[in-house]
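Reading through the structure tokens given below for one structure.
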Amino acid sequence: MKRALNIATLLTLLISLSGHAQPQATWLERHHDFGVFMEHDGKVRCQMRVANTGTEPLIIVKAQAGCGCTGIHYPEEPIQAGDTATVDITYNPSGRPGQFTKQVLIFTNTVPKRTILEISGNVIPTAATLDAQYPLQAGSLRISQQSIPFGELVKGKNKSLYLSAYNASTDTLLVTVAGAKPHIRPAIVPDTLLPARVTALTVQYISGQAPQWGLNTDTLTLTCRPLHLPSTAIEGSADVHVMARVIEDFSGMSDKERLDAPIARVDCGDRIDFGTMTRGETVTRTFTITNKGKSPLAIRRVWVPGSEGVTVSCDRNEIKRGKTARVTVTVNTGLVQDNLFNVPLTLMCNDPETPRQTIRLVGIIDTLKTDN
């Protein structure tokens with residue numbers, strides 16, 4: 001019995017000793033701030049040191065960076081107990097203006113296995129980078145794009161997008177945004193922008209509040225003004241266009257609902273020919289929409305996107321089974337720019353098979369034609 005107790009005690013001691021015989025990574029630095037530096041200076045480099053404060057060799061198994069802008073070089077040979085090694089980290093600022101924070105993951109044969117290292121800094125861009133990445137100007141504020149296209153949004157769904165803006169001055173700028181509507185909720189964070197820093201304009205689109213089906217276009221105005229006066233910074237503003245195409249979702253309909261659904265049929269085919277028109281006259285054509293289905297057909301919208309001189313009206317918004325609606329298309333040729341008239345008319349309805357139809361309006365506007 002005593003012999004068995006001694007063996008158990010010995011095994012416990014060996015397990016305890018083996019638990020302490022392991023490498024230990026002690027990092028002397030885990031963060032490096034490069035501060036403010038110029039993009040044209042090229043890559044910047046720092047070193048972070050790790051000491052093996054354990055009793056067994058320390059091995060860096062692998063290292064991972066969050067993006068290709070960050071490079072890592074680490075020793076592949078084991079780091080003996082009591083020794084110190086360095087990990088080299090480089091950052092490439094080319095085409096990356098503004099403030100940055102990047103993380104590097106280091107994996108070792110220790111517990112825990114993963115260590116997070118971090119670098120940060122602020123890149124002053126070259127003129128070429130500034131023009132390429134922030135082409136829109138609002139005084140000293142440079143903006144990344146002039147439009148925020150949301151694409152297609154199902155009615156009732158919300159979506160958020162953002163663009164960035166850069167303070168190209170040596171003064172702090174106060175940035176504001178105007179043009180909010182029930183379906184557009186903009187926000188600027190931060191709105192107090194330090195020199196050579198980046199802010200974000202975030203726009204939430206509430207499609208259920210959109211004023212109309214199909215394409216909706218709105219305008220937001222970004223304005224900046226210097227925090228301190230007098231200042232070398234320039235006050236200014238610029239418009240940013242917000243676009244979304246609001247559509248209907250029919251994916252949840254049952255087979256029976258589809259069988260009972262409305263069916264939209266037009267009597268003009270895929271085009272309406274206005275023939276030859278005289279510059280300055282007003283010409284009208286009509287076509288009908290018939291509901292060939294079982295349920296009421298709701299006309300969501302009939303319009304000609306972005307075409308001056310063309311107006312469209314429908315004499316009813318709902319068409320019962322077997323009934324028709326009349327659509328009137330009027331062309332004021334004096335407002336049409338080109339002599340060759342060719343524009344799309346869009347019809348949106350609640351027909352799940354053809355919720356959107358396009359009809360081409362074509363013709364020739366003759367400036368030489370007379371009444372003789």
Side-chain angles (χ1 to χ4, degrees), residues 66-67 95-102 122-123 125 129-169 171-227 233-249 251 300-301 303-307 346 348 355-356:
C67 71
R96 300 178 178 92
Q99 194 174 22
F100 69 89
T101 298
K102 300 293 181 181
N122 196 356
V123 180
T129 295
L130 199 58
D131 289 340
Q133 295 200 12
Y134 297 95
L136 182 62
Q137 288 186 259
S140 293
L141 187 71
R142 302 295 296 262
I143 305 168
S144 61
Q145 58 200 64
Q146 194 167 12
S147 63
I148 303 180
F150 279 86
E152 288 190 344
L153 289 180
V154 173
K155 188 82 166 181
K157 300 294 184 180
N158 303 334
K159 185 177 181 180
S160 294
L161 292 177
Y162 75 95
L163 56 74
S164 57
Y166 177 81
N167 182 354
S169 75
D171 191 7
T172 301
L173 296 177
L174 299 179
V175 185
T176 59
V177 58
K181 295 181 179 180
H183 61 292
I184 299 176
R185 299 177 184 174
I188 295 178
V189 180
D191 58 1
T192 302
L193 190 57
L194 295 172
R197 296 293 179 91
V198 174
T199 187
L201 166 65
T202 301
V203 179
Q204 184 184 27
Y205 204 98
I206 315 297
S207 67
Q209 298 292 327
Q212 55 194 6
W213 292 87
L215 182 64
N216 290 262
T217 302
D218 298 277
T219 300
L220 297 174
T221 301
L222 283 177
T223 300
C224 80
R225 61 181 180 86
L227 179 63
I234 303 172
E235 183 175 342
S237 62
D239 290 339
V240 174
H241 305 295
V242 179
M243 297 167 291
R245 192 180 300 277
V246 180
I247 62 173
E248 197 164 356
D249 183 14
S251 61
R300 302 302 192 196
R301 189 180 174 194
W303 84 107
V304 176
S307 180
T346 302
M348 292 187 69
R356 179 187 175 97

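When reading the values below, keep in mind they use all heavy atoms of this one structure, side chains included, and skip hydrogens, waters and symmetry mates. When a residue number appears, it is its place in the shown sequence, counting from 1.
Side chain of Ser144 to backbone of Ser164: a donor-acceptor contact under 3.5 angstrom is found. In this structure, the side chain of Ser147 does not engage the main chain of Pro149 through any donor-acceptor pair within 3.5 Å. For Asn167 (side chain) and Arg197 (main-chain N/O), no donor-acceptor pair under 3.5 Å exists by modelled atom type. Distance alone, capped at 3.5 Å, places no donor-acceptor pair between the Arg300 side chain and the Gly214 backbone. Using modelled atom types, no side-chain atom of Asp218 and backbone atom of Ile184 make a donor-acceptor pair closer than 3.5 Å. When atom types are taken as modelled, the side chain of Gln133 and the backbone of Gly95 share a donor-acceptor pair closer than 3.5 angstrom. When atom types are taken as modelled, the side chain of Thr199 and the backbone of Val189 share a donor-acceptor pair closer than 3.5 angstrom.
Counting heavy atoms from C-beta on, the side chains of Pro226 and Glu235 come closer than 4.5 Å. Considering only heavy atoms from C-beta on, Pro186 comes within 4.5 Å of Leu201 through its side chain. Counting only heavy atoms from C-beta outward, the side chains of Pro355 and Ile247 never approach each other to under 4.5 Å. Between Leu193 and Leu141 the shortest side-chain heavy-atom distance falls below 4.5 Å. For the pair Pro195/Asp171, no side-chain contact is recorded, criterion being any heavy-atom separation below 4.5 Å from C-beta on. Between Pro305 and Thr346 the shortest side-chain heavy-atom distance falls below 4.5 Å. With a 4.5 Å cut-off on side-chain heavy atoms, Gln209 and Arg185 do not count as touching. Side-chain contact check for Pro125 versus Tyr134: every heavy-atom pair is 4.5 Å or farther apart.
In this structure, Lys181 NZ and Thr219 OG1 are separated by 7.0 Å, a value rounded to the nearest 0.5 Å. Separating the CD atom in Glu248 from the CZ atom in Arg356 is a distance of 13.5 Å, to the nearest 0.5 Å. Rounding to the nearest 0.5 Å gives a distance of 10.5 Å between CZ of Arg225 and CG of Leu173. In this structure, CG on Asn216 lies 11.5 Å from CE on Met243, to the nearest 0.5 angstrom. Note that CG of Leu174 and OG1 of Thr192 are 5.0 Å apart. Values are rounded to the nearest 0.5 Å. Expressed to the nearest 0.5 Å, how far OH of Tyr166 lies from CD of Gln99 amounts to 10.5 Å.
Counted by atom type alone, Ser251 and Asp249 present one or more donor-acceptor pairs between their side chains at under 3.5 Å.
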Do any side-chain atoms of residues 156-163 form donor-acceptor pairs under 3.5 angstrom with protein atoms, and if so which ones, sequence neighbours left out?
none

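Contact between Thr221 and Ser237 at its shortest, heavy atoms only, is CG2-CB, 4.0 Å. Listed here is the closest heavy atom pair of Ala238 and Ile143: CB-CD1, 4.1 Å. When every heavy atom of Ala168 is checked against every heavy atom of Leu130, the shortest pair comes out as CB-CD2, 4.1 Å. When all heavy atoms of Met348 and Trp213 are compared, the closest pair comes out as SD-C, 4.1 Å. Counting all heavy atoms, side chain and backbone alike, Leu220 lies closest to Ala180 at CD2-N, 4.1 Å. The two residues Cys224 and Ser140 come nearest to each other via the heavy atoms SG-N, 4.0 Å.
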Could you go step by step and tell me if Asp131 and Arg142 meet the side-chain contact (heavy atoms from CB on, under 4.5 Å) rule?
CA-CA 9 Å; Asp131 289 340; Arg142 302 295 296 262; 2.8 Å; yes
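Using bins of under 30°, 30° to 60° and over 60° for the plane-to-plane angle, the ring pair Phe150/Tyr205 lands in the tilted bin.
Around CZ of Arg96, the count of heavy atoms belonging to other residues, nucleotides or ligands within 6.0 Å exceeds 12.
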